[in-house]
Amino acid sequence: MSATIRLTMAQALVRYLCNQFTVVDGAKVPLFPGVFAIFGHGNVTCLSEALEAVKDTLPTWRGQNEQSMALAAIGFAKAKRRRQIMVAATSIGPGALNMVTAAGVAHSNRLPVLLLSGDTFINRRPDPVMQQVEHFGDPTINVNDAFKAVTRYWDRIVHPEQIISSLPQAVGVLLDPADCGPAFIALPQDVQEMAWDYPEAFFEPVMHRIPRARPDRDRLGEAVNMLRQAKRPLIISGGGVRYSGAEKALADFAQKRGIPLAETIAGKGAVTHDHPAHVGPLGIVGSTSANALASEADVIVAVGTRLMDFTTGSWTAFSPAAKFISINAARWDATKHRALAVVGDALETVEELEAALDDWKAPEAWTAKGVSEFATWNDMLDGFQKPTNDPIPTYAQVVGVVNAKAGARDLLITAAGGLPGEVMKNWRVKDPNTFDCEFGFSCMGYEIAAGWGAAMADPTRTPIVMIGDGTYMMMNSDVYSTVLSGHKIILIVCDNGGYAVINRLQNAKGTPGFNNLIKDCRVKEPFSVDFAKHAEAMGALTRRVESLADLGQAVEWAKTNDRTTVITLVSDAFTWTPGDAWWDVGVPATSERKEVREAHDAQIAGRQHQRVGV
């Protein structure tokens, strides 16, 4: 009979996590390097007891909000390019539900995070317990079932032995390039305390390596033939390129073959701004250069992208006759819009595609067009970012100053509001993998928390987090977390008086300002928050600036500081970097406002240009 060790379920779970390892840049490292936790009655007596015993091996970091600590774990995963995984642990009830939003972020963006939540008693003896939501027709349901819609793996442990089969499956999902996403495990309170004789073999150290699926030879051959016939090929570089480590391979492939390379939001930063093949970001928050090439391209090679509407201009960015080759580790993402689905790892597939193309290159005139269009776009950026003495600068000008002062390895982070579009267009990436715009879920509140996680992931570089005043008001408590834990970020807060970018959309579709800018809300009297004083109260160093020149000096000062620094300034709520892509949104078919009716007619006309796919 094999040797066993008697542990509680919570102790066994923690011991298992401590014995999972992976290789990053040739070095053996823990697969799970830490835990973000907020303890409540559903996890403080058992799970915290187990975590306390290994606090030097598996560090536990106290969060301020369950959603933000899980977002910090996601920011960590993005900074590590999915090679290491943080754990987020909470009690049952509102603490668990607070993490559902973060699970949605991870699920949309194909990012790994292990979520552990307390749960009600399996024996039901004390029911209903505090924070239990009862379902009269199904007593097995509680708030943790809400995670089923936003996780790749879900389990509830109803016997201590079950973690022996459950935990390896959860790890498998977290590390699978195709199925990657959040894994959730519910831990009932009475099961956490139960002791069980676990096989010692269950706790043997395991070295995990992320698998690389190679493409089907026949599909790759079809892709080669399709590309050989292309006269105007275009590459779309998505987030999967970065997670595969295919940045250099794809950049070299594009340059050697003369194929212009555009990028998605998740893919921005796989290549530097000035790479010879780079033609800028694509789509609604994209460049005129990439959009012009997309409209003429006859074969599009989409690598590691799920082709969301902001990338495709709601499927109006391409010619109806254009053909797609979709290279993706996930079959779901590869098999979209009648694409030739080449299911495989980005790095392996690009290398095999390169080897099979022999001496083929894109026509020189097409390659030159990419260079010319991108040069024109760069001239436009210079114009958008031109300094001014106006006391209220535009986002483009603010981004230009911060970008100019940022170090090559500094990581830019943003997620929601007007800044994603502005940094996608105006931020010129200096080093690969220094850009994180969470726009798969566009989660307000991701930014500061992700900065904390990213600073933890790589203390040798400084995250620069850019947000608007609306996002700051929604979730700012991790300014305190970064100071408390010693993980420095630089936070730029652009105060434009409310939810300015959604006000822009509202106005553009015929409705006057309503409930977005503070001045247009039902308030007694509008007033501005002093964000610098608020952040200072949480321990940050702060500075309120009044001009672009002051902003540049403040960023230089912030880089010399030993802790999180917050810089605030008033910015323009009405001037945006122009775009030339179309976006499909719902507009009322009837309204008393002429402007709304006209906007609806324009929307219907725009839909006539959409590619109809499946």
Using the test side-chain contact (heavy atoms from CB on, under 4.5 Å), find all partners of [X] that sit at least two apart in sequence or belong to another chain.
X	result
S314	D309, W582, W583, D584, Q610
T312	L307, W315, F318
A186	D119, N144, R156, F184
P33	F76, Q84, M86

Taking all atoms of both residues into account, what is the closest heavy-atom pair of [X] and [Y], and its distance?
X	Y	result
A262	A290	CB-CB, 3.9 Å
E66	N98	OE1-ND2, 2.8 Å
T264	G239	OG1-N, 4.0 Å
V587	H600	O-ND1, 3.0 Å
T305	G238	CB-CA, 4.0 Å
H487	A455	CB-CB, 3.8 Å

Nearest-0.5 Å distance that lies between atom [atom1] in [X] and atom [atom2] in [Y]:
X	Y	atom1	atom2	answer
D478	T564	CG	OG1	10.0 Å
I185	L167	CD1	CG	4.5 Å
Q67	L97	CD	CG	11.5 Å
M9	I164	CE	CD1	12.0 Å
D436	I74	CG	CD1	10.5 Å
L419	M424	CG	CE	13.0 Å

Would you say the side chains of [X] and [Y] form a donor-acceptor pair under 3.5 Å?
X	Y	answer
D520	N516	no
W452	S485	yes
Q64	S481	yes
S244	D345	yes
N43	S91	no
T140	D138	yes
T577	N426	yes

Intermediate values then yes/no, side-chain contact (heavy atoms from CB on, under 4.5 Å), R522 and F514: CA-CA 9 Å; R522 189 181 294 273; F514 175 66; over 6 Å; no
Taking [atom1] in [X] as the centre, count heavy atoms belonging to other residues, nucleotides or ligands within less than 6.0 Å. Is the count above 12?
X	atom1	result
F36	CZ	yes
F39	CZ	yes
M308	CE	yes

For the pair D458 and R409, find out whether any cationic side-chain nitrogen is under 4.0 Å from an anionic carboxylate oxygen. yes
Side chain to side chain donor-acceptor pair (under 3.5 Å) partners of [X], counting only residues at least two apart:
X	result
N496	Y395
H41	none
E247	R81, N433
Y472	H534

[X] vs [Y] side-chain heavy atoms within contact, under 4.5 Å:
X	Y	result
V483	M538	no
I464	V402	yes
R82	P177	yes
V87	L17	yes
I300	I236	yes
K336	R306	yes
L282	E263	no
P30	L58	no

Only counting residues at least two apart or in another chain, list the ones meeting salt bridge (Lys or Arg N to Asp or Glu O under 4.0 Å) with R242. none
Using the test salt bridge (Lys or Arg N to Asp or Glu O under 4.0 Å), find all partners of D127 that sit at least two apart in sequence or belong to another chain. none
Using atom types as modelled and distance alone, determine if a side-chain donor or acceptor of [X] lies under 3.5 Å from a backbone N or O of [Y].
X	Y	result
T482	K488	no
N503	L517	no
T316	G313	yes

With salt bridge (charged side-chain N to carboxylate O under 4.0 Å, His left out) as the rule and sequence neighbours excluded, what pairs involving residues 98-116 come up? R110-D333
Evaluate the side-chain contact (heavy atoms from CB on, under 4.5 Å) criterion for residues L250 and V303: first the C-alpha distance (whole Å), next the side-chain angles of each, then the deciding distance (0.1 Å), finally the verdict. CA-CA 9 Å; L250 185 63; V303 187; 4.2 Å; yes
Which pairs count as side-chain hydrogen bond (donor to acceptor under 3.5 Å, both in side chains) when at least one residue sits in residues 163-181, sequence neighbours excluded? Y153-S166, D155-S166
Going by the side-chain contact (heavy atoms from CB on, under 4.5 Å) test, name the single residue among Q131, M130, Q132 that passes it with T120. Q132
Decide side chain to side chain donor-acceptor pair (under 3.5 Å) for E438 and N109; before the verdict, give the C-alpha distance in whole Å, the side-chain angles of both, and the deciding distance to 0.1 Å. CA-CA 8 Å; E438 190 291 293; N109 289 281; 2.8 Å; yes
